[in-house]
Participant: 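Would you mind keeping the following structure in view while I ask a few things?
Because the structure is a prediction, the values reported are computed rather than measured.
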Amino acid sequence: MSNPHEFDAIVVGSGITGGWAAKELTERGLRTLVLEAGGPIDPARDYVEHVQPYQVPFRAWGDRTPFRGTQPIQSDCYACDEIGRKFFVNDLENPYSHPEDAPFSWFRGRHVGGRSNTWGRQVYRWSDLDFEANARDGHGNDWPIRYADIAPWYSHVERFIGVSGAPEGLSQLPDGEFLPPMPMTDAERFARERIHKAFGGERVMTIGRAAILTKDHNGRAACHYCGPCERGCITHSYFSSLGSTLPAAAATGKLTLRPHSVVAELLFDTARSRVTGVRVVDATSGRDTEYTGRVVFLCASAFESVRLLLNSKSSRFPEGLANSSGTLGRYAMDHHFGSGAVGTMHGFDDRKAFGRRPNGIYIARFRNVRSQHPAFLRGYGIQGGASRKDWRRGATMAGYGAEFKQSLISEHGPWTLGTHGWGETLPHADNRVTIDASTKDKSGIPAAHISIRWRENEKAMEQDMVTSAAEMLDAAGCSDITLQSVHNPPGYCIHEMGGARMSRAPSEGVLNAYNQAWDAPNLFVTDGACMASSACQNPSITYMALTARACDHAVTLMRRAEL
């Protein structure tokens with residue numbers, strides 16, 4: 001009988017990248033253990049997208065004060081309300097720290113599937129404009145890969161998860177393998193044409209590229225536009241590891257999934273320069289267990305993976321495992337986002353939207369594509385959409401009774417168009433994650449200390465987001481344009497990246513071109529920690545593609561007996 005604590009591969013985390021690692025490794029024949037710090041999720045019981053406001057005490061508009069006691073940070077996230085709060089961690093049990101003058105909001109979910117249950121589902125490929133950026137302007141290290149290296153893996157991922165979108169032929173935003181796009185509203189189509197004409201084709205508005213099905217795909221049903229995707233999806237119409245990759249891994253018979261398993265440290269054999277396994281704390285009993293594996297994939301989310309590496313110390317690596325470069329924890333990033341403008345669209349008062357489209361518009365990056373902007377480096381994309389005020393506007397209006405309610409249904413407000421930027425953050429060595437030895441989580445593991453600041457480049461870019469958004473709304477024919485400068489702190493975008501970056505040489509980073517640790521060849525880190533820059537696109541599909549590519553490489557090396 002085989003040792004129940006011994007596996008071919010160990011995957012830490014069951015979210016977007018952990019699910020992909022599980023799928024790819026098991027389908028290649030590896031007995032794979034997936035360790036999840038949180039508990040199991042049963043979609044039939046735990047997904048709550050069809051819970052109606054009248055079924056909860058405060059109609060999902062209630063004061064969040066009652067649960068701020070245990071979720072003071074998480075409750076600042078839009079999705080952590082009285083219906084969806086179950087998908088967010090208890091902050092008292094999962095503490096972290098940050099400098100007083102550098103706030104960081106770390107929104108997290110600990111359960112099977114992780115944040116793939118609640119993510120925004122926007123998926124945009126990177127281009128060589130992004131992979132070459134560090135080398136071009138000297139901020140950060142040169143990526144060890146280019147678009148050609150990852151393009152086949154983007155396709156591999158897209159074919160499996162299902163991505164709806166429209167091809168646009170833009171060099172800075174490569175097209176993918178798309179399912180039919182979701183329809184734009186008439187107001188959005190009108191704005192698209194006006195903006196395209198006004199800016200000579202430089203600014204292209206398209207429908208969002210989303211990991212949401214517009215037709216049945218791989219045994220999953222097309223989206224039925226119920227709306228609140230952040231509360232789960234019982235039909236698995238959007239991609240999550242719980243609905244897609246983990247079932248695929250389980251179907252191989254090679255998967256062992258262990259919830260309530262908090263990985264405290266990686267075990268390292270100094271003589272062989274290999275990771276031998278992991279030490280796990282049972283979240284319910286508090287008991288320690290060690291598991292061994294030929295390869296280990298860290299997919300715990302960017303800063304959790306960095307925290308784990310920093311806590312895995314030895315005589316060879318007193319500052320954290322695989323840290324001979326001294327870069328572990330450094331060059332941490334998030335997208336700065338939210339600034340833009342909103343205006344009123346006229347001429348569409350006879351049009352109404354049907355259903356709740358779980359998607360918006362996307363305006364591809366146009367700054368620093370063909371010519372350099374004088375005020376800042378890199379660029380931003382714009383997200384948003386056109387919508388018409390409907391019955392929900394009654395939440396902020398005075399009135400009651402049948403006549404009032406009927407007016408909300410029969411008399412709609414005007415159409416509005418909102419556009420808001422998602423900006424790239426320059427990699428900076430002093431934006432970093434360290435260990436706060438004085439603060440420990442429920443399992444007794446030292447917590448992360450996160451120190452990230454927006455710097456002058458991000459601030460200049462944010463100002464341009466507002467200006468360009470207003471310009472486009474004016475070109476689209478909007479009136480009553482309101483400028484919105486939103487100063488969200490780091491963390492709010494929930495796109496944390498960096499800390500264990502890929503590099504061309506061991507002295508420059510933690511990982512090589514295949515997400516393989518320079519200092520421990522059987523260790524792979526494929527979540528957001530691996531990123532050497534942030535680009536401006538939503539990053540999850542890049543994580544997925546890098547994970548699939550790294551798994552392929554790992555198995556190839558194992559078959560050659562090199563691991």
Side-chain angles (χ1 to χ4, degrees), residues 98-99 101-107 120 122 124 126-127 129-143 172-173 301-303 305-306 327-340 364-369 372-373 375-383 420-434 448-466 468 485-503 509-510 527-543:
H98 57 75
D101 63 342
F104 184 89
S105 297
W106 197 5
F107 301 131
Q122 294 290 295
Y124 302 99
W126 284 28
S127 73
L129 182 68
D130 306 303
F131 287 111
E132 295 173 358
N134 285 3
R136 187 169 53 249
D137 61 36
H139 290 268
N141 66 307
D142 187 14
W143 275 87
Q172 74 270 34
L173 190 73
S301 83
F303 294 171
S305 289
V306 170
T327 61
L328 180 63
R330 295 186 179 274
Y331 304 99
M333 299 165 285
D334 185 27
H335 287 142
H336 60 101
F337 84 109
S339 291
R365 173 181 167 180
F366 52 88
R367 290 299 193 213
N368 298 327
V369 175
Q372 178 61 49
H373 192 280
F376 59 88
L377 300 169
R378 314 289 175 98
Y380 55 89
I382 286 182
Q383 300 183 35
H420 301 90
W422 264 247
E424 180 164 3
T425 299
L426 292 181
H428 194 288
D430 290 338
N431 282 346
R432 65 185 300 194
V433 179
T434 55
H449 180 76
I450 303 170
S451 178
I452 300 178
R453 291 173 169 84
W454 300 141
R455 301 171 192 273
E456 293 309 311
N457 199 73
E458 289 80 46
K459 294 174 183 176
M461 189 186 297
E462 183 181 286
Q463 292 176 6
D464 192 66
M465 289 175 180
V466 177
S468 66
S485 288
V486 179
H487 306 295
N488 288 319
Y492 249 62
C493 202
I494 325 180
H495 288 173
E496 59 265 24
M497 287 174 264
R501 69 182 184 180
M502 297 168 69
S503 62
V510 177
D527 56 22
C530 74
M531 306 296 272
S533 64
S534 72
C536 66
Q537 300 93 315
N538 302 58
S540 293
I541 194 171
T542 299
Y543 304 164

Participant: Please assess Arg453 against Asp430 for the test salt bridge (charged side-chain N to carboxylate O under 4.0 Å, His left out), listing each intermediate value before the final yes or no.
Facilitator: CA-CA 9 Å; Arg453 291 173 169 84; Asp430 290 338; over 6 Å; no
Participant: Going by heavy atoms in the side chains, are Thr425 and Asp334 under 4.5 Å from each other?
Facilitator: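 In short, these two side chains do not touch, never coming nearer than 4.5 Å.
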Participant: Excluding sequence neighbours, so at least two apart, what forms side chain to side chain contact (heavy atoms under 4.5 Å, CB included) with Pro490?
Facilitator: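 Expected list: Phe104, Ile452, Trp454.
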Participant: Please report the shortest heavy-atom distance between Ala500 and Leu328, naming the atom on each side.
Facilitator: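 Taking Ala500 first and Leu328 second, the nearest heavy atoms are CB-CD1, 4.2 Å.
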Participant: Do Ser534 and Arg378 come within less than 4.5 Å of each other through their side chains, counting heavy atoms only?
Facilitator: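 Heavy-atom side-chain distance check fails, nothing below 4.5 Å.
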Participant: Write down the atom of Ala302, the atom of Gly528, and the distance for their closest heavy-atom approach.
Facilitator: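 Closest approach of Ala302 to Gly528: CB-C, 3.6 Å.
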Participant: Going through the distances and angles, do Arg501 and Asn141 end up as a side-chain hydrogen bond (donor to acceptor under 3.5 Å, both in side chains)?
Facilitator: CA-CA 9 Å; Arg501 69 182 184 180; Asn141 66 307; 3.0 Å; yes
Participant: Closest heavy-atom contact between Ala532 and Met502?
Facilitator: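 Minimum heavy-atom separation between Ala532 and Met502: CB-O, 3.9 Å.
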Participant: Is Met531 close to Tyr543 at the side-chain level, that is, under 4.5 Å between some pair of heavy atoms?
Facilitator: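 SC-SC contact between Tyr543 and Met531 confirmed.
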Participant: Would you mind reporting whether Trp143 and Asp130 have side-chain heavy atoms less than 4.5 Å apart?
Facilitator: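 With C-beta onward as the side chain, the pair stays apart.
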Participant: Can you check whether Leu426's main-chain N or O pairs, donor with acceptor, with Glu458's side chain at less than 3.5 Å?
Facilitator: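 Side chain of Glu458 to backbone of Leu426, a donor-acceptor pair under 3.5 Å: yes, one is there.
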Participant: Using side chain to side chain contact (heavy atoms under 4.5 Å, CB included) as the criterion, list what pairs up with Glu132, not counting sequence neighbours.
Facilitator: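 For Glu132, the residues satisfying side chain to side chain contact (heavy atoms under 4.5 Å, CB included) (neighbours in sequence not counted) are Asp128, Arg136, Arg146.
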Participant: Assess whether a salt bridge exists between Lys459 and Glu456, defined as any Lys/Arg side-chain N lying under 4.0 Å from an Asp/Glu carboxylate O.
Facilitator: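 Result for this pair is yes, salt bridge flagged.
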Participant: Hey, which of His335, Gln537, Glu424, Arg367 is the one that makes side-chain contact (heavy atoms from CB on, under 4.5 Å) with Tyr380?
Facilitator: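 That would be Arg367; it is the only one of His335, Gln537, Glu424, Arg367 passing the side-chain contact (heavy atoms from CB on, under 4.5 Å) with Tyr380.
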Participant: As a test of understanding, state which of His487, His495, Met465 forms a side-chain contact (heavy atoms from CB on, under 4.5 Å) with His336.
Facilitator: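 The option that passes is Met465.
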Participant: Within a strict 4.5 Å, meaning less than it, do heavy atoms of the Val306 and Arg330 side chains meet?
Facilitator: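 No, side chains not in contact.
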Participant: Quick one, Leu377 and Gln372 - any side-chain contact, counting heavy atoms below 4.5 Å?
Facilitator: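 The answer is yes; the side chains approach within 4.5 Å.
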Participant: Exactly one of Trp106, Phe337, Phe107 should register a ring pair (Phe, Tyr, Trp, His ring centres under 6.0 Å) with Tyr492. Which one does?
Facilitator: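 The option that passes is Phe107.
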Participant: Met333 vs Asn431, test: side chain to side chain contact (heavy atoms under 4.5 Å, CB included). Steps then yes/no.
Facilitator: CA-CA 7 Å; Met333 299 165 285; Asn431 282 346; 6.0 Å; no
Participant: Can you name the residues that form a side chain to side chain contact (heavy atoms under 4.5 Å, CB included) with His420, not counting sequence neighbours?
Facilitator: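 His420 satisfies side chain to side chain contact (heavy atoms under 4.5 Å, CB included) with Val342, Trp422, Gln484 only.
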